[in-house]
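Chain identifiers are assigned alphabetically (A, B, ...) following the order of the sequence lines, protein sequences preceding nucleic acid strands; residue numbering begins at 1 within each chain.
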Number of protein chains: 2
Amino acid sequence: MSSPTSADRGRAVRARLLTAARELIGEIGWSAVSTRNLAQRAGVRAGLVHYHFESLPALLRQATIEGMRTTLDESAAWLSRADDPADGIEGLLTGLDRYAADDPESLLFVEAYLAATRDPVLHSQMAELMLAFRRDVAAVLDRAGHPAAEPTAAVVLAALDGFMLHKGLDPGLSAGTIAPVLRQLAAGTGRPGAATTEGEQG
Amino acid sequence: MSSPTSADRGRAVRARLLTAARELIGEIGWSAVSTRNLAQRAGVRAGLVHYHFESLPALLRQATIEGMRTTLDESAAWLSRADDPADGIEGLLTGLDRYAADDPESLLFVEAYLAATRDPVLHSQMAELMLAFRRDVAAVLDRAGHPAAEPTAAVVLAALDGFMLHKGLDPGLSAGTIAPVLRQLAAGTGRPGAATTEGEQG
DNA sequence: TATCGTCTTGGTCATTCGCCCAAGTCGATC
DNA sequence: GATCGACTTGGGCGAATGACCAAGACGATA
């Protein structure tokens, strides 16, 4: 009685293709994803790609946006759940740290940034997502009384993405190394009480 | 007489190919650079690529490493020339800001990070370069009495690369926005005198 | 049972890819 | 003037690419 056959199988194939796209983008790079290796990863025939999706770029766009939305929604939820903004940001950082080296999903974001440079449609969709997330981070900082919430949020997000980039080159770069600096940033300027930098950096 | 013909023309062709490679990597992406569009950009026949270079990836590697070395050397020189580390870092930032939107050369770095993820040779060469530069930045911070030079240097460099990434999505993100935050970072923790954040952020 | 819509198959199309090579140009050297 | 070596030309190789399509499969509907 798991009856739904035609339409449901189609839905499953679409989902498998989107998941495979997210994996492959991180593993081999955005423009190296082809209809054939994508179909192989998803376990379907290559002809299905152009039946279920308008084009290969359209598929990659949709997979990317869905993946980013999921990750950013979870991150925003985690952030607003933390007592202290610094705790929330450090949580984001360590979450990033845990699966950055192994899982290529983290590279999906960077690949998407670059792809957005050359794809106007992807660009506008990603810009909307990222602006909303940055607003969330700024709001959390502002609510905690941070004197410069907006620019600090911009720097923190830039540092997080850049951390992902640099971590690939230098395995010695871990979340623990830069967490104190990010905490200091999240704490604001003249608040010595939140300065965890003293005593245990390195 | 500008006589040197054979060997000298070859040298010129190699240089043109390397320059064209740096341009194209930023414009269309690392894996989209082909022997043919590369040769066309350099104003050279496609067959020359494999005469002057072992392979296309080898050419891209060499072009990338040379470009990065030049940029990093200039940046390090600029940094050590500044009186205050904060001034030096802000100089790096504004230099990055000026030609980030137009010139695709800024994307070369990000493309290289991703390519290094999949190319062990490029990986080791880039790692050496970036580690040396981060050491330079940390040394400048340390010399100015910064209490946490190493991790701060890591965060600053990550923020700079991340800034390049985010700037492509949000044109409203300019160097002026995040410069105060980076200054604060460069100034260290408990030094209110260097806190330029007050009064004019945004 | 017959028809319909949705999905799937297997293959083809023109194009582009990295790489290779025989033949040629041309100044330098003897 | 002959020879040499560095460089250049133009074409060609098999393989991979994105896109497309006629034909079939199969449960749902009538």
* To do: For V44(A), answer base if it contacts any base atom (sugar-phosphate contacts may also be present), sugar-phosphate if it contacts only those atoms, and nothing otherwise; contact means non-hydrogen atoms under 4.0 Å.
  => nothing
* Asked: How would you label the contact of V49(A) with the nucleic acid (heavy atoms, under 4.0 Å): base, sugar-phosphate, or nothing?
  -> nothing
Identify each atom pair where a protein N or O and an N or O of nucleotides 15-18 of chain D are less than 3.5 Å apart, giving names and distance.
from	atom 1	to	atom 2	distance (Å)
dT17(D)	OP1	S34(A)	OG	3.1
dG18(D)	OP1	V33(A)	O	3.4
dG18(D)	OP2	T35(A)	N	2.8
dG18(D)	OP2	T35(A)	OG1	3.0
dG18(D)	N7	R36(A)	NH1	2.8
dG18(D)	O6	R36(A)	NH2	2.9

Given side chains that start at C-beta, do those of [X] and [Y] come closer than 4.5 Å, heavy atoms only?
{"X": "L38(B)", "Y": "L56(B)", "result": "yes"}
{"X": "T117(A)", "Y": "H123(A)", "result": "no"}
{"X": "L59(A)", "Y": "H52(A)", "result": "no"}
{"X": "L122(A)", "Y": "I65(A)", "result": "yes"}

Within this structure, what is the [atom1]-to-[atom2] distance between [X] and [N], rounded to whole angstrom?
{"X": "Y51(A)", "N": "dG5(C)", "atom1": "OH", "atom2": "P", "answer": "12 Å"}
{"X": "R45(A)", "N": "dA25(D)", "atom1": "CZ", "atom2": "C1'", "answer": "14 Å"}
{"X": "R11(B)", "N": "dT8(D)", "atom1": "CZ", "atom2": "P", "answer": "12 Å"}
{"X": "L59(B)", "N": "dG18(C)", "atom1": "CG", "atom2": "P", "answer": "11 Å"}

* Asked: CD1 of I25(A) to CG of L60(A): how many Å apart, nearest 0.5 Å?
  ->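 Interatomic distance, I25(A) CD1 to L60(A) CG, rounded to 0.5 Å: 4.5 Å.
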* Structure fact -> In short, the helix from dT1(C)-dA30(D) to dC30(C)-dG1(D) is bent end to end, axes from five pairs each side, to 10°, by 10°
* Which sits closer to the 5' end of DNA chain C, H52(A) or A46(A), going by the nucleotide each is nearest to? ->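 Going by which nucleotide is closer to the 5' end, it is H52(A).
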* Asked: Any salt bridge (charged side-chain N to carboxylate O under 4.0 Å, His left out) pairs touching residues 52-75 of chain A, not counting sequence neighbours?
  -> R22(A)-E66(A), R61(A)-D119(A)
